[in-house]
Every structure is written in structure tokens, then in C-alpha cells.
Student: 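Have a look at the structure that comes next, please.
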Amino acid sequence: MVDAVGTSLSVSAGATLFAALFGIPVGLAVGLSDFRLKGLAVTALNTLMAVPTVVVGLLVYGFLSRQGPLGRWGCSSRRPRS
């Protein structure tokens with residue numbers, strides 16, 4: 001159980017760091033600048049934030065499963081038991 005908690009904490013910390021490194025600059029760029037398709041960009045970003053996390057998780061699992069598009073490259077989410 002301690003391994004599961006450690007894995008969960010490390011994955012969530014890595015995801016938070018990745019999201020912050022990507023999201024903060026993009027948010028600042030969209031919020032502070034004026035460009036022709038700003039309305040479309042804001043609408044797209046708001047739509048992506050409204051997608052439930054379960055749907056995102058299922059999409060990621062589908063991509064990383066063995067039958068998914070990335071499964072052929074060895075990006076499977078399942079690890080062999082040791």
C-alpha cells in the first residue's frame with residue numbers, strides 16, 4: 001500500500017508540474033495579448049477545462065493500452081509482474 005501511495009504522489013506531482021509549466025505561459029499569452037482568433041482560443045480552452053476528468057482518463061488509457069495507437073510502440077500502461 002505504501003508503494004501505491006508513493007506512486008500516486010509522484011505521478012500527481014509530475015502532472016502538476018507539467019501542467020503548470022505548460023498552462024501558466026499559455027494562460028498569460030492568451031490573457032494579456034490581443035490577436036484575431038482570441039475569442040476562439042478562449043472558447044476552446046474553456047471547453048477543454050469543462051471535460052470531466054473521467055473522460056480524459058479513459059482517453060489516456062485508450063491511447064496507452066496495448067490495442068491503442070501508442071500500444072504498438074511499447075507505451076503500454078501495464079507493467080509485467082516481476
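The basis for the numbers below is simple: all heavy atoms, side chains too, and nothing from hydrogens, waters or symmetry mates. In what follows, residues are counted from 1 in the order of the sequence shown.
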Student: Quick check: is Ile24 connected to Leu32 through a chain of hydrophobic side chains (ILVMFWY, heavy atoms under 4.5 Å apart)?
Tutor: yes
Student: Do Leu59 and Val51 share a hydrophobic cluster (ILVMFWY, side-chain heavy atoms under 4.5 Å, transitive)?
Tutor: yes
Student: Looking at Thr43, Leu48, Val42, which one forms a side-chain contact (heavy atoms from CB on, under 4.5 Å) with Asn46?
Tutor: Val42
Student: Locate the shortest heavy-atom distance separating Pro25 from Ala20; write the atom from each residue and the value.
Tutor: CD-O, 3.8 Å
Student: Can you tell me if Phe35 has over 12 outside heavy atoms packed within less than 6.0 Å of its CZ?
Tutor: yes
Student: With no hydrogens and no angle check, is any side-chain donor or acceptor of Thr16 less than 3.5 Å from a backbone partner on Ser12?
Tutor: yes
